[in-house]
Amino acid sequence: MRDGVLRFKDDLRRAGRECPQLFIQKLEDIGLTELELRIMKLRYCDGLLIKQISDLVSVGDRWVKKVHSKAIIRTLDKLNALDLVELGIPIKATPKTLYDP
């Protein structure tokens, strides 16, 4: 499972750099909280590290990691196949099983 999540994060990073507006729109559509959305934008569109993000959002590193993990799980659960294709993420299976080992 961990390898799948790492691949998912890599794909999100690429999508966030290549089409940041669409990336943010998809995250808004799935209902991430404002903090989750801000952390995801800073991490995947702006390419910041967790430490840098924690300084910007004025919370500790652990809290950023916890919120980031929750946002990743929610994103993986809620993005559908069409969302992934629109973000330029190639799919060969359903979104839920795409990143499972």
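Values below: all heavy atoms of this structure, side chains included; hydrogens, waters and symmetry mates excluded.
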Would a 4.5 Å heavy-atom cut-off, applied to side chains only, mark [X] and [Y] as touching?
X: H68; Y: Y44; answer: yes
X: D10; Y: R13; answer: yes
X: L79; Y: I89; answer: no
X: L32; Y: K78; answer: no

To the closest 0.5 Å, what do you measure between [atom1] ([X]) and [atom2] ([Y])?
X: L48; Y: D55; atom1: CG; atom2: CG; result: 10.0 Å
X: K70; Y: K66; atom1: NZ; atom2: NZ; result: 8.5 Å
X: K51; Y: S54; atom1: NZ; atom2: OG; result: 4.5 Å
X: L87; Y: K26; atom1: CG; atom2: NZ; result: 6.5 Å
X: L27; Y: T33; atom1: CG; atom2: OG1; result: 11.0 Å
X: I73; Y: F8; atom1: CD1; atom2: CZ; result: 10.5 Å

Would you mind telling me which of V59, L35, I72, I53 makes a side chain to side chain contact (heavy atoms under 4.5 Å, CB included) with V67? L35
V64: which of L56, I50, L49 passes side chain to side chain contact (heavy atoms under 4.5 Å, CB included): I50
Hydrophobic clusters here meaning ILVMFWY residues chained together by side-chain heavy-atom distances under 4.5 Å, can you tell me if L22 and L12 are in one? yes
Any idea which heavy atoms bring F23 and C45 closest together, and the distance? CD2-SG, 3.5 Å
Start with the C-alpha distance between L37 and K41, add both sets of side-chain angles, then the distance that settles side chain to side chain contact (heavy atoms under 4.5 Å, CB included), and finish with yes or no. CA-CA 6 Å; L37 187 61; K41 179 194 175 296; 5.8 Å; no
Measure from the side-chain N and O atoms of R17 to the backbone N and O of G47, and report whether any donor-acceptor pair falls under 3.5 Å. no
I'd like to know if the side chain of D83 reaches the main chain of N80, judged simply by a donor and an acceptor atom lying under 3.5 Å from each other, with no hydrogens or angles considered. yes
